[in-house]
Protein chains: 4
Amino acid sequence: MGAGKTKRMPRAVREQQMLDAAVRIFGQRGYMAASMDEIAELAGVSKPLVYLYLNSKDDLFSACVRREARALTQAVRAGVRPGLPPDGQLWSGLRAFFTHTARNPDAWRVLHLHARTHGERFAAEVAAMRADIVAFVTQLIAAAARDAHRRPHLPEEEVAGLAEALVGAAESLADWAGATEGVTAKQAAATLMNFAWAGLGDLMTGRPWVPPEEPEPEPAPVPGGAAVPGGAAVPVQAG
Amino acid sequence: MGAGKTKRMPRAVREQQMLDAAVRIFGQRGYMAASMDEIAELAGVSKPLVYLYLNSKDDLFSACVRREARALTQAVRAGVRPGLPPDGQLWSGLRAFFTHTARNPDAWRVLHLHARTHGERFAAEVAAMRADIVAFVTQLIAAAARDAHRRPHLPEEEVAGLAEALVGAAESLADWAGATEGVTAKQAAATLMNFAWAGLGDLMTGRPWVPPEEPEPEPAPVPGGAAVPGGAAVPVQAG
Amino acid sequence: MGAGKTKRMPRAVREQQMLDAAVRIFGQRGYMAASMDEIAELAGVSKPLVYLYLNSKDDLFSACVRREARALTQAVRAGVRPGLPPDGQLWSGLRAFFTHTARNPDAWRVLHLHARTHGERFAAEVAAMRADIVAFVTQLIAAAARDAHRRPHLPEEEVAGLAEALVGAAESLADWAGATEGVTAKQAAATLMNFAWAGLGDLMTGRPWVPPEEPEPEPAPVPGGAAVPGGAAVPVQAG
Amino acid sequence: MGAGKTKRMPRAVREQQMLDAAVRIFGQRGYMAASMDEIAELAGVSKPLVYLYLNSKDDLFSACVRREARALTQAVRAGVRPGLPPDGQLWSGLRAFFTHTARNPDAWRVLHLHARTHGERFAAEVAAMRADIVAFVTQLIAAAARDAHRRPHLPEEEVAGLAEALVGAAESLADWAGATEGVTAKQAAATLMNFAWAGLGDLMTGRPWVPPEEPEPEPAPVPGGAAVPGGAAVPVQAG
DNA sequence: AATGAATGAGGCTTCATTCAT
DNA sequence: GATGAATGAAGCCTCATTCAT
C-alpha cells in the first residue's frame with residue numbers, strides 16, 4: 001500500500017506521492033489502461049483525494065509528463081561539462097541522458113512511449129522538451145563545425161536533420177538499453193558517440209558520404225493491404 | 001463511409017477492408033482508445049461481422065500487426081539493390097524503408113508506437129520483424145568491414161550495437177519525417193546515410209572516436225520525483 | 001461433423017437429426033446456454049436450414065420436449081405387464097422408467113430439469129406428460145386399495161398425494177441413479193418399490209403412520225436474508 | 001422499486017438487499033435468463049454497485065446459493081425435536097423443511113432447480129448441503145432400525161438408497177406443494193410420513209416387498225429419437 | 001434442398017467522476 | 001484534510017434471426 005497509513009500529510013507531499021504512483025502506473029500500463037483506482041491505491045490515498053488535488057485523469061497525466069520532462073531536461077543539462085570541446089560536452093550529456101532514463105524507466109516510458117501516443121496536448125508537451133534538447137545538440141554540432149577549418153559551415157537544414165537523427169538514435173538506444181540485460185549507460189553512450197561523432201567528424205572535415213550513381217529505384221509497388229481483388233475500401237492514408 | 005454500402009462481398013475482401021480500417025483507427029488512437037464500433041463503422045460493416053471474421057479485439061490487432069510487419073519487411077527487401085556494395089545496398093534499403101513508412105503512416109504508428117506499448121504478445125511480433133531488419137543491417141556492416149583493408153573486423157558486439165543504433169535512428173527519423181512537413185523519404189535517407197555511413201566508414205578504417213580523459217561525471221543528482229520533503233512514498237524503480 | 005457431409009436427405013430425416021442434436025445440446029447446456037450455432041453444427045447442417053424446418057429456438061425446444069415426453073410415456077406404457085396385480089405392474093413400469101431415463105440422460109435432463117425451468121409453455125407440456133404418468137400410478141394405487149379387504153378405500157385426495165410422492169421419488173431416484181456410478185435401473189426400481197410399496201401396503205391394510213402428540217412447532221424464525229438491521233428491502237416472497 | 005430511493009446505506013445492508021433481489025430474479029428466471037440489470041433495478045441500486053460488492057454474476061449467484069443453502073439447513077436442524085424417537089424427529093424435520101421451502105419458494109427454486117443446472121461449481125455447493133441432510137436422515141433410519149427388534153440391521157447400502165429416496169420424495173413434494181394451491185406444509189409432511197415411514201416400518205420389521213416371479217422384461221425397445229429411416233445421425237449417449 | 005453473408009438487440013463488465021459526510 | 005457510497009456512460013462480445021442466392 002505505498003506509504004502505509006500515514007495520514008494528514010501536507011498537500012505538497014501528498015501530491016508528489018500521487019505523481020510517483022501515477023508515473024509508475026502510467027509507465028507500465030499506458031494512459032488508457034491505467035485506472036485511477038490503481039493509482040489511488042498505490043499512492044495510499046482515496047480516489048476523491050486524487051481528484052481534489054489533481055482534478056482529472058488528463059490533468060494528472062499532464063502533471064506527470066511535465067514533471068518528468070523537466071526532470072529529464074535538467075538531468076541532461078546538469079550532466080554537461082561546460083568547459084569541454086563540443087564532443088566532450090556531447091559525451092557527457094549523453095551519459096547523463098542514458099543514466100537518467102535507465103534509473104527512471106517508467107518516467108522514460110511515459111515520455112517516450114505514452115505521451116506521444118495519447119493526444120495532441122501531451123505530444124506537444126513532450127515535443128517542447130525534445131526541442132529543447134535538439135536545440136542544445138544543434139548548437140553543439142554547429143560549434144564543432146565552426147571549429148573545423150576545412151569547411152566553413154554545414155548548411156543549417158543539414159544540421160537540423162543531423163541533430164534530429166542523433167537525438168532519435170539516442171532515444172532508440174535508451175529503449176534498447178532498457179530492454180537489454182547488461183547494457184550500461186556508459187556503453188550505450190560510447191556506442192552512440194562512436195556511431196555519431198566519427199561520422200559527424202568526417203562530415204565536418206568535408207568528406208560526406210555520397211550516394212552511388214544509379215537509376216531512381218521504383219518505390220515499393222504494393223505497400224500494404226490491398227493484395228485482394230476489389231481493392232482497398234478504405235482510402236489509403238495520404239503520403 | 002469508406003466503401004459505401006456495397007453489400008455481400010466475399011469474405012477475403014471484407015477481411016481486408018476490416019484490416020484497412022483497423023490499421024487506420026489503431027494507428028491514430030492506439031489499441032486501448034480504439035473502439036470496435038469505430039472500426040466497424042469505418043469498414044462499413046456491423047460489429048458482429050468483425051467478430052465473426054476476426055474474432056476479438058486482440059486478434060484483430062494481432063492481424064494488423066502481422067500484416068503490416070510483413071508488408072514493411074517485404075518493402076525493404078524488395079527495395080534493396082542486390083548487386084551494389086554495402087553502402088549502396090543500405091542506401092537503397094533505407095529509401096524503401098522511408099518511402100514505405102511515409103506512405104503508410106498509420107501502419108508505421110501501429111508497429112512502432114502501439115504494438116510495442118500494448119503487451120508481450122505484440123511486442124514479440126514486432127521484435128521479430130525488427131530482428132529481421134537488424135540482422136540484415138548487421139550483415140551489411142560486417143561485409144563493409146571485411147571490404148575495408150586497414151582493420152580486419154569490428155568486434156561482433158560492437159557491430160550489434162551499431163546496427164541497433166542505425167535502425168533506431170532510422171525509426172526515429174521516420175517518425176520525424178512523418179511529423180515534419182516537406183521532408184521527403186529521399187532526404188531522410190540521405191541525412192541518415194551521411195550521419196551513419198561516414199561515421200561507420202571512419203570506424204572501419206580504424207579511426208574511432210575516443211572519449212576525452214576526464215573524471216567520472218557524478219550521476220544526475222535528483223532524478224525524478226522526490227524534490228519534496230518527506231521523500232518518495234512510492235519506492236523508485238531499481239536502476 | 002455429426003453425420004458427415006451426406007447432403008440432400010429427405011426432410012423427415014434431417015428433422016430428426018436436428019432434434020437429436022438439439023436434445024443433446026439442450027440437455028447438456030440448458031435452454032438459454034444452448035446456441036443455435038452449436039446445434040446446427042452438431043446436426044451437420046447450416047443454421048438457416050434449422051430455421052426453415054423448425055422455425056425458432058422456442059419451437060425447436062418445444063419439439064424436443066414433445067418428442068421426448070412422448071418417447072418416455074410410451075416406454076413406460078410399453079414396459080408395464082398388463083396381466084399382473086397392481087404391485088407387479090408398478091414394478092415393471094418403474095423398471096421401464098429407470099431404464100429409459102438411464103439410456104437417454106440428455107432427454108431426461110431436458111424434461112426434468114430444463115423444460116420446467118424455462119417457461120410456462122414448456123412446463124405445461126411436461127406437466128401434461130407427468131399427469132399422464134401420475135394418473136396411471138393413481139389408478140394402480142386405487143386398484144390395490146380395492147383389492148385389500150380390510151379397508152374399503154383410501155380417500156381420493158390421499159391417493160393423489162401418494163401418487164405424487166411416488167412419482168416424485170422416482171424422478172429423484174432417476175437423477176440419483178444417473179449421477180451415481182454403478183446403480184442400475186433394476187436396483188433403483190427395487191429400492192423404490194421397497195420404500196413405497198411396503199409402506200403403501202400398510203396404508204392399505206389400515207395401518208397408517210400416526211404423528212406423535214406434540215405442541216405445534218414454532219416455524220423456523222428468520223428463514224433467509226434479513227439478519228441485518230434495516231430489514232429486507234425486497235419484500236419476502238408470499239408463502 | 002423495492003426499498004424506494006433510500007440512499008447511502010451501509011455496505012452490509014445493501015449487500016443483503018442485493019442478495020434478496022438476486023434470489024428472487026434467479027429463482028424466477030434461472031441463472032442464464034436473469035439479467036444483472038433486472039437484479040440491480042429490483043434491489044434499487046445501480047449496476048456498478050452490484051459489481052462493486054458482489055463482483056460478478058457468477059459470484060453473485062454463488063453467494064445466493066451459499067446463503068440459501070445455509071438458511072435451509074439451519075431451518076431443518078432448528079426444526080428437529082431432539083428428544084423424540086426417530087419417526088418423531090423425522091416428522092418434525094420434514095415439517096420444518098416444507099415450511100421453509102413454502103415460505104421461500106424462490107430460494108428453493110434456486111437451490112433445487114437452477115443451481116444444479118448451471119455448473120459444477122454450484123452443483124457441488126448444493127450437493128454438499130444435500131449430503132448434510134441425507135446424512136441426517138440416514139442416521140435416523142439407522143437408529144429406527146436398531147430400535148426395531150425383529151431384524152437387527154438394514155444393510156448399509158440399502159439405508160443409503162432409502163435415505164436418498166426419502167429426500168428425493170421430499171424435494172419433489174416440495175415442488176408439488178409449491179405449485180399446488182391449498183396444500184400446506186403440514187399436509188405435505190403427513191403424506192410423506194405416511195408414504196415413507198409406514199413402508200420403512202414394514203421394512204424394519206422384516207417384511208419387505210418382494211418382486212413377483214416373472215421373466216425378464218425386454219428393455220423398452222426404441223427409446224427415444226430414431227424412429228426414422230436412416231437412423232440417428234447423432235450417436236445416442238452411452239447407457 | 002441448402003447456405004454464405006450479414007445484423008439489431010441485448011448482456012456482462014469497467015471506469016472516470018461526484019456526493020454527502 | 002479525507003473518504004465511503006454511488007452512478008452515467010461506454011466498451012467488448014454473443015446470439016437469434018434474416019436475406020439473397
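Chain letters run A, B, ... following the sequence lines, proteins first, then strands; residues in each count from 1.
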Exercise for the section: Using a cut-off of strictly less than 4.0 Å between a heavy atom of the residue and any atom of DNA chain E, enumerate the qualifying residues of residues 31-38 of chain D by number. Expected result: D:A34, D:S35, D:M36
Practice task
Mind checking the CZ-CD spacing from D:R116 to D:E125? Nearest 0.5 Å is all I need.
Solution key: 14.5 Å
Exercise for the section: Check the distance between E:dA20's P and D:M9's CE and give it to me in whole angstrom. Expected result: 17 Å
Problem - Nearest listed nucleotide, side chain of B:L52, among F:dG8, E:dA6, E:dT3 - result: E:dA6
Handout entry: Charged N-O contact under 4.0 Å between B:D59 and B:R121
Key = yes
Problem - Divergence of helical axes at both termini of the helix from E:dA2-F:dT21 to E:dT21-F:dA2 - five pairs an end, 10° steps - result: 30°
Completion exercise
Comparing nearest nucleotides in DNA chain F, the 5'-proximal residue of the pair D:S46, C:K47 is D:S46
Exercise for the section: Take atom CD of C:Q17 and atom C1' of E:dA1, then tell me their distance rounded to the nearest Å. Expected result: 13 Å
Exercise for the section: Using atom CE of A:M18 as one end and atom P of F:dG1 as the other, report the distance to the nearest whole Å. Expected result: 11 Å
Practice task
Step by step, work out the side chain to side chain contact (heavy atoms under 4.5 Å, CB included) result for D:R24 and D:D106.
Solution key: CA-CA 6 Å; D:R24 186 120 140 209; D:D106 291 324; 3.6 Å; yes
Problem - Interatomic distance where CG belongs to B:L49 and P belongs to F:dC19 [whole Å] - result: 17 Å
Exercise for the section: Would you mind reading off the distance between D:F61 atom CZ and E:dC12 atom P, rounded to a whole angstrom? Expected result: 13 Å
Practice task
Report which part of the nucleic acid A:R11 touches: base, sugar-phosphate, or nothing (heavy-atom distance under 4.0 Å, all strands).
Solution key: nothing
Problem - Out of E:dC12, E:dT17, F:dT17, whichever nucleotide has its closest atom nearest the side chain of A:S56 - result: E:dT17
Problem - Point-to-point distance, once rounded to the nearest 0.5 Å, from CE of C:M18 to CG of C:L54 - result: 6.5 Å
Fill in the blank from the handout: A:I39 atom CD1 is separated from E:dC15 atom P, nearest whole Å, by 12 Å
Handout entry: Steps toward side chain to side chain contact (heavy atoms under 4.5 Å, CB included) verdict (C:R66, C:F122)
Key = CA-CA 9 Å; C:R66 273 202 301 275; C:F122 310 112; over 6 Å; no
Handout entry: Per C:P48 side chain, nearest of listed nucleotides E:dC12, F:dC13, E:dT3
Key = E:dT3
Exercise for the section: For A:F26 and A:L60, run side chain to side chain contact (heavy atoms under 4.5 Å, CB included): C-alpha distance rounded to whole Å, both residues' side-chain angles, the deciding distance at 0.1 Å, then the answer. Expected result: CA-CA 10 Å; A:F26 281 136; A:L60 173 56; 4.0 Å; yes
Handout entry: Salt-bridge criterion met for A:D20 and A:R67 (N-O under 4.0 Å)
Key = yes
Problem - Under 4.0 angstrom between B:R14 side-chain N/O and E:dG4 OP1 or OP2 - result: no
Exercise for the section: Starting at atom OH of B:Y51, determine the distance to atom P of E:dA6, rounded to an integer number of angstrom. Expected result: 18 Å
Fill in the blank from the handout: Taken to the nearest whole Å, CG/D:D59 to P/E:dC12 is 14 Å
Handout entry: Distance (rounded to the nearest 0.5 Å) between D:K47 NZ and D:M36 CE
Key = 8.5 Å
Fill in the blank from the handout: side chain to side chain contact (heavy atoms under 4.5 Å, CB included) filter on C:H114, not counting sequence neighbours, yields C:F61, C:R109, D:T117
Problem - Spacing of D:L49 atom CG and D:M9 atom CE [to the nearest 0.5 Å] - result: 11.0 Å
Fill in the blank from the handout: By nearest-heavy-atom nucleotide on DNA chain E, the more 5' of D:N55 and A:D58 is D:N55
